[in-house]
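Accompanying notes for the structure given below.
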Amino acid sequence: RQSRLAMEMSFAFFADAATVPADGKFYVLGGGFSALALAQLPGMASFTVVAGFRFTNADAGTVHIVELRFVDNLSKLVLPPTTMRFESAGPPPAGAGEVSVSTVPLLQPTLGEPGEYAAEFWHEGVLLHTVRLHVLEQQRPPTGPGSPPPA
């Protein structure tokens, strides 16, 4: 008999800001980006990782711990991991078959250099999902003799 749990991750993406009020829906500002340009590096960024998880009858009474790791291109942690705990008190409502839960952890990393970073979701040592973020340093306009004046 397999011990596979029914919890699954249904989506994840970056957003400028997001919230999940009591109605359980998520509300997003500036969502779905995969590149971030900072005025200078190293520099601090602030964004959320919107993620959705689905739970079925098999998850009733089970605690699920999901760890969010924000890492650089060498898989080195940029921030301490964020631990999310999901526990279903009972089965989904009759006829629903599943319950969806959204999370919106806020990340505020200091990014040292341009390149690829990633938000990784882990459950019991298994990588569930990765969302990649390309970090760029904004190009400054040229200055000096012969340069166009700033607009």
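Just so it is clear, the values below take in all heavy atoms, side chains as well, and ignore hydrogens, waters and symmetry mates.
- Using a distance-only test at 3.5 Å, with no hydrogens or angles considered, a donor-acceptor pair links the side chain of Glu137 to the main chain of Leu41.
- For the pair Ser34 (side chain) and Leu133 (backbone), a donor-acceptor distance under 3.5 Å is absent.
- Side-chain atoms of Val20 and Lys25, non-hydrogen and from C-beta on, never get closer than 4.5 Å to each other.
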Candidate pair Val101 and Phe55, rule side chain to side chain contact (heavy atoms under 4.5 Å, CB included), full reasoning: CA-CA 8 Å; Val101 177; Phe55 301 92; 3.8 Å; yes

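- The two residues Ala39 and Gln138 come nearest to each other via the heavy atoms CA-OE1, 3.6 Å.
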Step by step, work out the side chain to side chain contact (heavy atoms under 4.5 Å, CB included) result for Val71 and Lys76. CA-CA 5 Å; Val71 298; Lys76 183 179 160 215; 6.0 Å; no

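- A donor-acceptor distance shorter than 3.5 angstrom exists from the side chain of His123 to the backbone of Ile65, with no hydrogens or angles considered.
- Residues Phe33 and Leu68 fall within the same hydrophobic cluster, defined by Ile, Leu, Val, Met, Phe, Trp and Tyr side chains chained together at heavy-atom separations under 4.5 Å.
- Smallest separation of non-hydrogen atoms from Phe47 and Ala15: CB-O, 3.4 Å.
- Residues Thr103 and Phe86 are in side-chain contact: their nearest non-hydrogen atoms beyond the backbone lie under 4.5 Å apart.
- To the nearest 0.5 angstrom, Glu116 atom CD is 11.0 Å from Leu74 atom CG.
- The backbone N or O of Ser75 lies less than 3.5 Å from a partner atom in the side chain of Asp72, making a donor-acceptor pair.
- Atoms CE and OG1, from Met7 and Thr62 in turn, are 10.5 Å apart once rounded to the nearest 0.5 Å.
- To the nearest 0.5 Å, atoms OG (Ser100) and CZ (Phe11) are separated by 7.5 Å.
- Cluster membership for Leu111 and Leu79, using ILVMFWY side-chain heavy atoms within less than 4.5 angstrom, is shared.
- Tested against Val49 for a side-chain contact (heavy atoms from CB on, under 4.5 Å), the candidates Thr82, Leu107, Leu106 yield a single pass: Leu107.
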Should Phe53 and His64 be marked as a side chain to side chain contact (heavy atoms under 4.5 Å, CB included) after you check the CA-CA gap, both sets of side-chain angles, and the distance that decides it? CA-CA 11 Å; Phe53 298 86; His64 294 282; over 6 Å; no

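- When all heavy atoms of Met44 and Leu38 are compared, the pair lying nearest together is O-CD2, 4.2 Å.
- The CZ atom of Arg69 sits 8.5 Å away from the CG atom of Leu127 when rounded to the nearest 0.5 Å.
- Residue Ala17 comes nearest to Thr48 through the heavy atom pair C-OG1, 3.9 Å, listed as atom of the first residue, atom of the second, then distance.
- Aromatic rings of His134 and Tyr117 (six-membered ring for Trp) have centroids beyond the 6.0 Å cut-off, not under it.
- Checking side-chain atoms of Thr110 against main-chain N and O of Gly43 turns up no donor-acceptor pair under 3.5 Å.
- The side-chain heavy atoms of Pro109 and Val78, taken from C-beta on, include a pair separated by under 4.5 Å.
- Atom CD of Glu8 is separated from atom CG of Leu128 by 10.0 Å, given to the nearest 0.5 angstrom.
- Hydrophobic clustering (ILVMFWY, side-chain heavy atoms < 4.5 Å, transitive): Met9 and Val104 are in distinct clusters.
- Closest approach of Val50 to Ala18, counting heavy atoms only: CG2-CB, 3.7 Å.
- Remark: Glu113 CD is loosely packed, at most 12 non-hydrogen atoms of other residues, nucleotides or ligands lying under 6.0 Å away.
- Ring-plane geometry between Phe70 and Phe14 is classed as perpendicular, the angle between the planes exceeding 60 degrees on a 0 to 90 degree scale with a lower cut at 30.
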